[in-house]
Structure formats: C-alpha cells, structure tokens
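First the structure, in the form of structure tokens, and then the observations on it.
Quick note: residue numbers are just sequence positions, from 1. Please read these numbers as outputs of a predicted model, since none were measured by experiment.
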Amino acid sequence: MVALNVRSEDITLSGRLTLQHRKISEETTAIRCLDWDRDRFDIEFGLRNGTTYNSFLIEGEKTALIDTSHRKFEQLYLDHIKGLIDLKTLDYLIVSHTEPDHSGLIKDLLNLAPQMTIVGSKVALQFLDNMVHQPFKSLMVKSGDRLELGNGHLLEFVSAPNLHWPDTIFTYDHKTRILYTCDVFGMHYCDDYLYDEEKELLEADFKYYYDCLMGPNARSVLAALKRIETLEIQTIATGHGPLLHHEIPQWVNCYRQWSQEQAKTDNLVVVFYSEGYSYSEEIARNVAQGLLKTDVTVDLVDLSTTDAHEVRELVHQAKGLALGMPSQYDTNAQLMVNTILAAAHPKQVIGLFESGGGEDEPIYPLRNKFKEIGLTEAFPPILLKTVLSVTLEKMAEEAGTDLGQWLTRDRSIKSMKSLDSSLDRALGRISSGLYLITTQKGEVSGAMLASWVIQASLEPMGVAIAVAKDRAIESLMHPGDQFVLNVLEEGNSQGLIKHFLKRFPPGCDRFAGIKTYQATNGSPILADALVYLECTVTSRTECSDHWIIYSTVQTGRVSKVEGLTAVHHRKVGNHY
Ligand code: FEO
C-alpha cells in the first residue's frame, strides 16, 4: 500500500492558480487544481477560502479519469494529464456530474482522447450531448452497476440525484476503498494539505458548504447516505477542498444529522415520476426546481423502483404531492399510484402532470379521485402531448413554485403581521419608483412588477434589482440574459400595475391584452411606460430571500419628457 499524503511537485500557473498532484493509493492519483483567490462561486455563495477542483486518475489494466477541472485551468491541467498518461490510451472518463467546474474541459479532453468512453448517469449523458456537440462513446450507469478496470480496481456506481445537480453519481473503488463523491462532502477550502488534517479548521467551511449546496436537498442526502452505508470507506475523494480520510465517520454523521433536522422541520413535497418513461423525469425536475424557490423540502421519487411501504410513509409525511402519470403498462408504478391514493389526506395539496408517452395513465379520472378525497389542486394538470418544449419546462417550474407558495402562504402572512414594529415602520419610509421588468428568452416570456430598483454604476451604466427567490422571472435573469426595465409613469400606472399583479396560472401569457413592441434585445417594451431601458444581466448575488441582480444598460428612451416616475410609498418595511 502506498503511504498517504506523499508530497510531489506543485506547479504554479500564474499568481494564485496552482496544481498539485499526489498518489493517494495503489495506481491512484489525485490531481487538484487550486484556485486560491476565487471569491465567488457562480450564483451560489461568496467564498472565504478559495476552492479547489479535484480530478482523479486510476490506472488499472484500463485507465479511468474521474472528472476534469474548471476551464481556467485548461492548459495546466491538460499538459499535466498528458505528462501522466498517453491520452490515446485513456479508456474512460467518469463524469460525476456535468457542472462546468468539473466538466469544463471534457470537450478538450475528447479532442485529445476521442477513443475514451464517457461514463455517467442517464441525465449526465443527456446534458453532455448538449455541451460537447460532437459524437462520443458513452456508458450509462445507475446504482449497483460495476465497471472492471483490472488489477483489482472494480468500480461500483451509486446514484445520488440532486446532490446538488440532478445527474450526480458516486464511484466506489473496491480495491482502494476510495469513494469519489465530487460535490458531496466537499468544501470550498483551498490549502496545500491534501487531507482533512485539522478538522477544527475545516468545520465551519464544511457546514457553510452543506447549508448552501446540500441543505435544500436534505432528503436526497439521506437517500444517498443510505446507499453508501454498507461500503467500507477509507477515503472520500471529494471534488472540492481536502479529501476526507482521518475523520470519515464524523463528517458523514454531520451530513446525516443536519439532513435529518432539515427534513423533519420543513414542509415536505414529494414529486413522483417514472424514470425512463417519456419526459416524466424531466418534468418532475422542473417542478422540483420551482418548488425549491420556496421554503419547502422536496423529495423526488421514482414510482417504478420504490416500494409501497416507502411511498406510504412519504405520502403520510408530505404536505404536498406532485404526481407524473406513469405508463399504463408499468405495473409497479400503477400499484404505487393506488398506494398514494390510499395514503393521501384532505389537508394536502396536489398537482398532476402527463409526460407525453402516449400510454399515460389517464389524468382526469385520477384528478377527480384526489378531489373526492379532499385534496386541494395547487396547479391545473400539465399536459404534454408531443415533445418537451422550453415553454412547458418553464410552466412546470412555475407550477412547482405555485405549489410551494400555497404551502408557505400562511407562514408568510403571519410573519408580515408579526413584524409590524416601529423598526418596520421606519424601514417602510424607504421609498422607491415603480417598474415593470419584461423579458423574452426564446419561447418563454416573463414580467414582474418591481420597486426595489436602483442605479448602481456610472461606467458602464448599470442598475441593481432585488428579485425575490420565488419569482418566476428569476430563472430568466441569469448572467447574459437580457430584459427591459420599464419605468412606470405617475398618474398612468394603475392599469399596468393591476394587470401584472394578477396571479397568472403556470405558463400563462402575461402580455395578453397589453400593448407592447419589441426592443432590440427581443424583450417586450410596454407602450404605456414612461421609459424603457434595455439591460443585460452581469452578475447575481444571493441576499437572503432575494437575488440582487446587477445589469448593465445598453440603450433607453423617455417617451414623455415632462413625465414623472411613479413613486411607491409603503407603511412598513417587511413587505413590498
Ligand atoms: Fe462543484 Fe456542482 O459543481
């Protein structure tokens, strides 16, 4: 056995980007790209201690690379790999999930090693098709599947969906007893130490990372922990931060405890789908995405492979249900639908969807049965007749948000009432203008009445807008997205405000009956607005229950020079 933590070369790229490689076990090397100064991780959270992107090489009779690295390490990483192996002989690239910080160099690698087979979950391989736009050899794996590399390296895969991407898998090497988990058990912590040498130094970052990335999927964390509980693990090879080696039971126990607490206290919504049946899983994930914008816990459950006991337990605990119609020919799924019906109770809310397989269990008779039991319908049935469109994906996401908002509405109203203190009255004196954000992205359009808008920079001209996390338009306002900021006019805003404050059903055309014309960036300009500004999102910052979205302004026009901006005066500061 090779001694752990053997030092080898550290290579500096420039400034604070470095690469470290270490042999971590027999025929196994860790290649860690150290990003010392990264201070923000996309939209997720601010970093305090940089991060690392960890990749691993296993050289049995066949060779396998587990994950790649972030694009910023392109040359250093690829040159380094080329120095370790002849890429023409690389047999497998195992993709733990397809987020760009680990998969950013797959296309480059594919060009250097076109013979390699990419191993991943079904969803990961679908995502990759859209990422690399070129043919590649692939091997789809699910929980329990094994891959023999020779020299005793028998790899076993474990599905870990939603941790924190839908396509996540773990890989366990039976020879070295290393479990490769990518994001899971990771932390954004950049240090020369390869392993968890000093637990006390790492605990805060480990918890912070869990809260940001894993907490929203606490039930999926518990499901994944259950799948790995029989494995004898010597090292957890994570995708970020140090590898876990010295304190594995304690680290795993932290995940278990935190997830159990989270799963116990939150509103649970179970989304049932049928894996492999038409677009069932894709729609379920969009519904889940919408739900996660609200303060609920989500559990995605495959009807085809779950037993009646588990389904019954989940339905008993759940406050909300979303159910994708299974195929009429899937006997286990049929049985589970009956189990759901038998366990459902009148205080629950439900939403149903079809996935367009042509053999779906009929949706309306089932809908009637749930209504007879007394369940409240959170959104009208989502019906897919042909292929999944972006519009339908968005509709499913909005439906999920509606369901979540229904479950959390009492809590929101209560907190508004309970906070009517002098502080809130004081905060309420912060006044603002009134605006309508309008956007069109492909087939999908969005609109939102906004008041928390302010100019935020002069060169380039930029604005900052606070958007609540559960707003449908939020998913259309990521870096690179474009929109129009319509400034409403004093004395001429009530019609637009009334229209856009309505509750729109998922997928509804928000612009029906409203006069618009098209901006250069494709978004609708409201003909009755005082001003329009065409904007491009540059960055987003998470700020508690809102995203602060900073955008640059490309062009704009005032329709009436003497017009004044509508002003929004509030009584209290705990709501808009
Ligand atoms: Fe570290 Fe989900 O990427």
Side-chain angles (χ1 to χ4, degrees), residues 43 293-294 394 398 401 405 412 416 427-441 444-457 461-479 481-504 508 510-511 514 516 519 521-559 563-576:
I43 56 173
K293 289 182 175 184
T294 67
K394 185 82 179 97
E398 288 179 14
T401 304
Q405 284 174 338
S412 311
M416 271 185 211
L427 193 64
R429 291 304 187 273
I430 297 177
S431 58
S432 54
L434 278 167
Y435 310 87
L436 267 157
I437 297 161
T438 52
T439 183
Q440 180 80 41
K441 190 175 176 185
V444 180
S445 62
M448 183 189 86
L449 184 65
S451 53
W452 294 1
V453 176
I454 193 165
Q455 184 166 348
S457 64
M461 285 195 175
V463 291
I465 304 171
V467 179
K469 283 182 173 173
D470 64 356
R471 290 306 179 103
I473 204 168
E474 171 277 328
S475 52
L476 302 175
M477 297 184 77
H478 285 262
D481 288 343
Q482 296 183 311
F483 64 92
V484 165
L485 179 64
N486 299 271
V487 181
L488 300 188
E489 184 187 3
E490 188 69 53
N492 186 28
S493 60
Q494 281 313 308
L496 287 172
I497 291 173
K498 202 170 156 201
H499 176 87
F500 285 102
L501 274 182
K502 273 192 312 224
R503 193 165 184 90
F504 294 96
C508 178
R510 286 159 168 77
F511 296 98
I514 296 292
T516 63
N521 69 17
S523 298
I525 294 172
L526 301 174
D528 287 337
L530 175 65
V531 167
Y532 78 84
L533 296 162
E534 295 194 31
C535 307
T536 303
V537 178
T538 301
S539 62
R540 297 165 42 120
T541 305
E542 189 172 15
C543 194
S544 179
D545 46 11
H546 282 66
W547 292 109
I548 305 294
I549 297 175
Y550 170 71
S551 311
T552 52
V553 183
Q554 283 71 54
T555 182
R557 199 173 74 85
V558 184
S559 65
L564 294 174
T565 302
V567 179
H568 183 45
H569 292 292
R570 299 175 302 162
K571 288 207 167 70
V572 286
N574 60 24
H575 59 280
Y576 301 111

**OP:** Could you tell me whether the side chain of Ser523 reaches within less than 4.5 Å of the side chain of Glu534, counting heavy atoms only?
**Re:** no
Original post:
Below 4.5 Å, heavy atoms only, C-beta onward: do Ile465 and Phe483 meet side chain to side chain?
Top reply: yes
Original post:
Between Glu490 and Val567, does a side chain to side chain contact (heavy atoms under 4.5 Å, CB included) hold up when you go through it step by step?
Top reply: CA-CA 7 Å; Glu490 188 69 53; Val567 179; 4.1 Å; yes
Original post:
From Leu434 CG over to Glu489 CD, what is the distance, rounded to the nearest 0.5 angstrom?
Top reply: 12.5 Å
Subject >> N/O donor-acceptor pair under 3.5 Å between Ser539 side chain and Pro479 backbone >> reply: no
Original post:
Of the non-hydrogen atoms in Gln440 and Ser445, which two are nearest, and what is the gap between them?
Top reply: OE1-CB, 3.2 Å
Original post:
Is any side-chain heavy atom of Thr438 less than 4.5 Å from a side-chain heavy atom of Leu526?
Top reply: yes
Original post:
Does the side chain of Ile525 come within less than 4.5 Å of Asn486's, by heavy atoms?
Top reply: yes
Original post:
Quick one: are Leu476 and Val444 in side-chain contact, heavy atoms under 4.5 Å?
Top reply: yes
Subject >> Check: Ser451 main-chain N/O paired with Ser432 side-chain donor or acceptor under 3.5 Å >> reply: yes
Original post:
Hey, are the side chains of Leu533 and Met461 touching, using non-hydrogen atoms and a 4.5 Å cut-off?
Top reply: no
**OP:** Would you give the length of the straight line joining atom OG1 of Thr439 to atom CG of Leu485, rounded to the nearest 0.5 angstrom?
**Re:** 12.0 Å
Original post:
What's the verdict on side chain to side chain contact (heavy atoms under 4.5 Å, CB included) for Arg471 and Lys293, showing C-alpha distance, side-chain angles and the deciding distance?
Top reply: CA-CA 8 Å; Arg471 290 306 179 103; Lys293 289 182 175 184; over 6 Å; no
**OP:** Please list, chain by chain and in numerical order, all residues satisfying salt bridge (charged side-chain N to carboxylate O under 4.0 Å, His left out) with Arg510, sequence neighbours excluded.
**Re:** Glu398
Original post:
Strictly by modelled atom types, are Gln405 and Asp470 linked by a side-chain donor-acceptor pair under 3.5 Å?
Top reply: yes
Subject >> Step-by-step side chain to side chain contact (heavy atoms under 4.5 Å, CB included) determination, Ser551 to Thr536 >> reply: CA-CA 5 Å; Ser551 311; Thr536 303; 5.8 Å; no
**OP:** Determine the minimum heavy-atom distance between Ala519 and Val484, stating which atoms define it.
**Re:** CB-CG2, 3.6 Å
Original post:
What distance separates Met448 CE from Phe500 CZ, expressed to the nearest 0.5 Å?
Top reply: 12.0 Å
Subject >> Heavy-atom closest contact (His569 atom, Ser431 atom, distance) >> reply: ND1-CB, 3.9 Å
Original post:
Can you tell me how far NE2 of His568 sits from CH2 of Trp452, rounded to the nearest 0.5 angstrom?
Top reply: 9.0 Å
Original post:
With a 4.5 Å limit on heavy-atom distance, are the side chains of Arg570 and Ile430 in contact?
Top reply: yes
Subject >> Distance, nearest 0.5 Å, that separates OH of Tyr435 from CG of Leu488 >> reply: 9.0 Å
Original post:
Checking side chain to side chain contact (heavy atoms under 4.5 Å, CB included) for the pair Ile437/Ile473: CA distance, chi angles, key distance, verdict?
Top reply: CA-CA 9 Å; Ile437 297 161; Ile473 204 168; 3.8 Å; yes
**OP:** For the pair Phe504 and His499, evaluate ring pair (Phe, Tyr, Trp, His ring centres under 6.0 Å) and give the outcome as yes or no after the intermediate values.
**Re:** CA-CA 10 Å; Phe504 294 96; His499 176 87; 5.7 Å; yes
Original post:
Would you say the side-chain atoms of Ser559 pair up with the backbone N or O of Asp528, donor to acceptor, closer than 3.5 Å?
Top reply: no
Subject >> Considering all heavy atoms, the nearest Ser475-Asp481 contact >> reply: O-OD2, 4.2 Å
Original post:
Any side-chain heavy atom of Thr294 sitting closer than 4.5 Å to one from Thr401?
Top reply: yes
Subject >> Distance-minimising heavy-atom pair for Glu474 and Ala468 >> reply: CB-O, 4.3 Å
Original post:
Just wondering, more than 12 heavy atoms not from Ile454 lying within 6.0 Å of its CD1?
Top reply: no
**OP:** Rounded to the nearest 0.5 Å, what's the gap from CE on Met477 to CD on Gln482? Could you check?
**Re:** 11.5 Å
Subject >> Considering all heavy atoms, the nearest Thr565-Gly433 contact >> reply: CG2-CA, 4.3 Å
